[in-house]
Amino acid sequence: MKIAPAPDGAELLWSEAGDGEPLLLLAGQATGMAGWGPTADALAGHFRVIRYDHRGVGGSSKGRPERYTTRLLAADAAAVLDAAGVGSAHVYGHSMGGRIAQWLAIDHPERVRALVLAGTSGGRRSGAEVDARAFEILLSGDPELMAPLFFDPAWTREHPDAVRSFFGTKASAWAKARHFQASRAHDAWDSLGTIHAPTLILHGTEDVLTPLADAVLLHRGIRRSTLVKVPGARHGLHLDHPETIAWIRQFISAK
């Protein structure tokens, strides 16, 4: 484990594994690097995988409260690349990590070779409302209640360690609230057209936390993008649909 200094002096805990072209993983809201679990391990067989704990969660410090916006969190991602000695990398963001990845590609285009966005959106503009009960469950913070929103129940039963790691990142109520607000306030719609990196959008057809309509609009907004609708997948498709790993490899190789 290593420490990257963020622009405001916050300390970001990061790690790396594997060889090859660099691939930066950006986790979702209040989720740490450990949440990538078997996906990170599989990707490390083909890339130099770099991941980190967002500020305020896991082993990273809180930093200044005004830095909790998806746009400013993208500066944290750039700081991790700097600490790793990486000029540019492929970037894979899930949920809030996908929102951060959008700003990284918009504000720091030279840092992003190819962009992969999973279970994310450009902001709340699709008109599709999040299921009220699902939203309630998400706010509860109860892993047993949240798991069905993210993963196929059979996969959950077969991979208890991965599920535990995904939901087990330590974060204070203060940090969770700021992550939640950062994710909800995200709005990059008017800037998506400036993204030039080849972009792969992965989205589950059964995602009730981020409606599929958001991914359709995201695809329309990013000109060099490919949208793959994953049948039956929920919000945590980056973990319980390992076939996406092969798709990501193929996409990056082709681009």
Side-chain angles (χ1 to χ4, degrees), residues 1-15 25-37 40 51-77 79-80 93-104 118-121 123-124 129-151 156 160-188 207-211 214 234-236 238-239:
M1 297 292 182
K2 307 172 186 179
I3 296 293
D8 64 338
E11 296 185 334
L12 306 172
L13 187 70
W14 67 281
S15 69
L25 304 183
L26 300 177
Q29 99 184 18
T31 305
M33 65 173 122
W36 286 95
R51 48 182 169 156
Y52 67 100
D53 287 340
H54 291 301
R55 61 174 57 223
V57 304
S60 294
S61 61
K62 292 192 304 184
R64 300 177 64 85
E66 66 269 19
R67 302 290 302 184
Y68 285 78
T69 70
T70 50
R71 193 164 202 169
L72 291 178
L73 289 171
D76 286 355
V80 171
H94 168 250
S95 195
M96 186 185 81
R99 294 168 171 84
I100 294 168
Q102 292 163 37
W103 284 122
L104 186 63
T120 193
S121 77
R124 301 300 307 153
E129 291 299 320
V130 173
D131 181 276
R133 176 57 182 156
F135 192 66
E136 243 178 71
I137 291 171
L138 183 65
L139 290 178
S140 76
D142 185 330
E144 287 191 18
L145 293 177
M146 290 192 294
L149 300 179
F150 285 79
F151 311 119
T156 297
D161 291 342
V163 174
R164 192 160 39 248
S165 293
F166 181 76
F167 290 118
T169 300
K170 293 180 180 179
S172 66
W174 184 93
K176 287 180 180 178
R178 278 157 181 77
H179 275 242
F180 176 78
Q181 180 57 32
S183 193
R184 292 293 291 176
H186 175 74
D187 186 349
D207 189 341
V208 296
L209 292 175
T210 305
D214 285 4
R234 308 178 191 198
H235 195 58
H238 63 305
L239 279 175

Shortest non-hydrogen separation from Leu73 to Ala182 and the atoms involved: CD1-CB, 4.5 Å

With Ala175 via side chain to side chain contact (heavy atoms under 4.5 Å, CB included) - residues at least two apart: Ser172

Test side-chain contact (heavy atoms from CB on, under 4.5 Å) applied to Arg234 and Phe151, step by step: CA-CA 6 Å; Arg234 308 178 191 198; Phe151 311 119; over 6 Å; no

Interatomic distance, Gln29 atom CD to Thr70 atom OG1 [nearest 0.5 angstrom]: 11.5 Å

Ala27: partners by side chain to side chain contact (heavy atoms under 4.5 Å, CB included), with sequence neighbours left out: Thr31, Trp36, His54

In a table with atom names and distances, give each donor-acceptor pair under 3.5 Å that connects a side chain of residues 161-169 to protein atoms at least two apart or in another chain.
{"from": "Asp161", "atom 1": "OD1", "to": "Arg164", "atom 2": "NH2", "distance (Å)": "2.3"}
{"from": "Ser165", "atom 1": "OG", "to": "Asp161", "atom 2": "O", "distance (Å)": "3.1"}
{"from": "Thr169", "atom 1": "OG1", "to": "Gly32", "atom 2": "N", "distance (Å)": "2.9"}

Nearest atoms (heavy-atom pairs only) where Trp14 meets Ala4: CD1-N, 3.6 Å

Closest non-hydrogen atom pair, Thr210 against Gly119: OG1-O, 3.6 Å

Partner residues of Asp76 under the salt bridge (Lys or Arg N to Asp or Glu O under 4.0 Å) criterion, sequence neighbours left out: Arg55

Non-neighbouring partners of Asp53 that pass side-chain hydrogen bond (donor to acceptor under 3.5 Å, both in side chains), sequence neighbours left out: none

Residues that Thr69 engages under side chain to side chain contact (heavy atoms under 4.5 Å, CB included), provided they are two or more places apart: Arg71, Leu72

Test log, rule side-chain contact (heavy atoms from CB on, under 4.5 Å), inputs Gln102 and Thr120: CA-CA 10 Å; Gln102 292 163 37; Thr120 193; 3.9 Å; yes

Shortest non-hydrogen contact between Gly63 and Ala10, atoms and distance: CA-CB, 3.7 Å

Atom of Trp103, atom of Ala74 and distance for their closest heavy-atom approach: CB-CB, 3.8 Å

side-chain contact (heavy atoms from CB on, under 4.5 Å) assessment of His94 paired with Leu239: CA-CA 10 Å; His94 168 250; Leu239 279 175; over 6 Å; no

Set of residues satisfying side chain to side chain contact (heavy atoms under 4.5 Å, CB included) with respect to Glu144, sequence neighbours excluded: Asp142

Short side-chain to backbone donor-acceptor contact, Arg51 and Leu25, under 3.5 Å: no

Gap separating the OG atom of Ser60 from the CG atom of Leu13, nearest 0.5 angstrom: 5.5 Å

Main-chain N/O of Glu11 paired to Ser61 side chain as donor or acceptor, under 3.5 Å: yes

Partners passing salt bridge (Lys or Arg N to Asp or Glu O under 4.0 Å) against Lys2 (at least two apart in sequence or in another chain): Glu16

Residues forming a side-chain hydrogen bond (donor to acceptor under 3.5 Å, both in side chains) with His235, sequence neighbours excluded: Ser95, Asp207

Selection residues 166-178 - residue pairs positive for salt bridge (charged side-chain N to carboxylate O under 4.0 Å, His left out), sequence neighbours left out: none

Heavy-atom closest pair, residues Ser15 and Met1: CB-SD, 3.7 Å

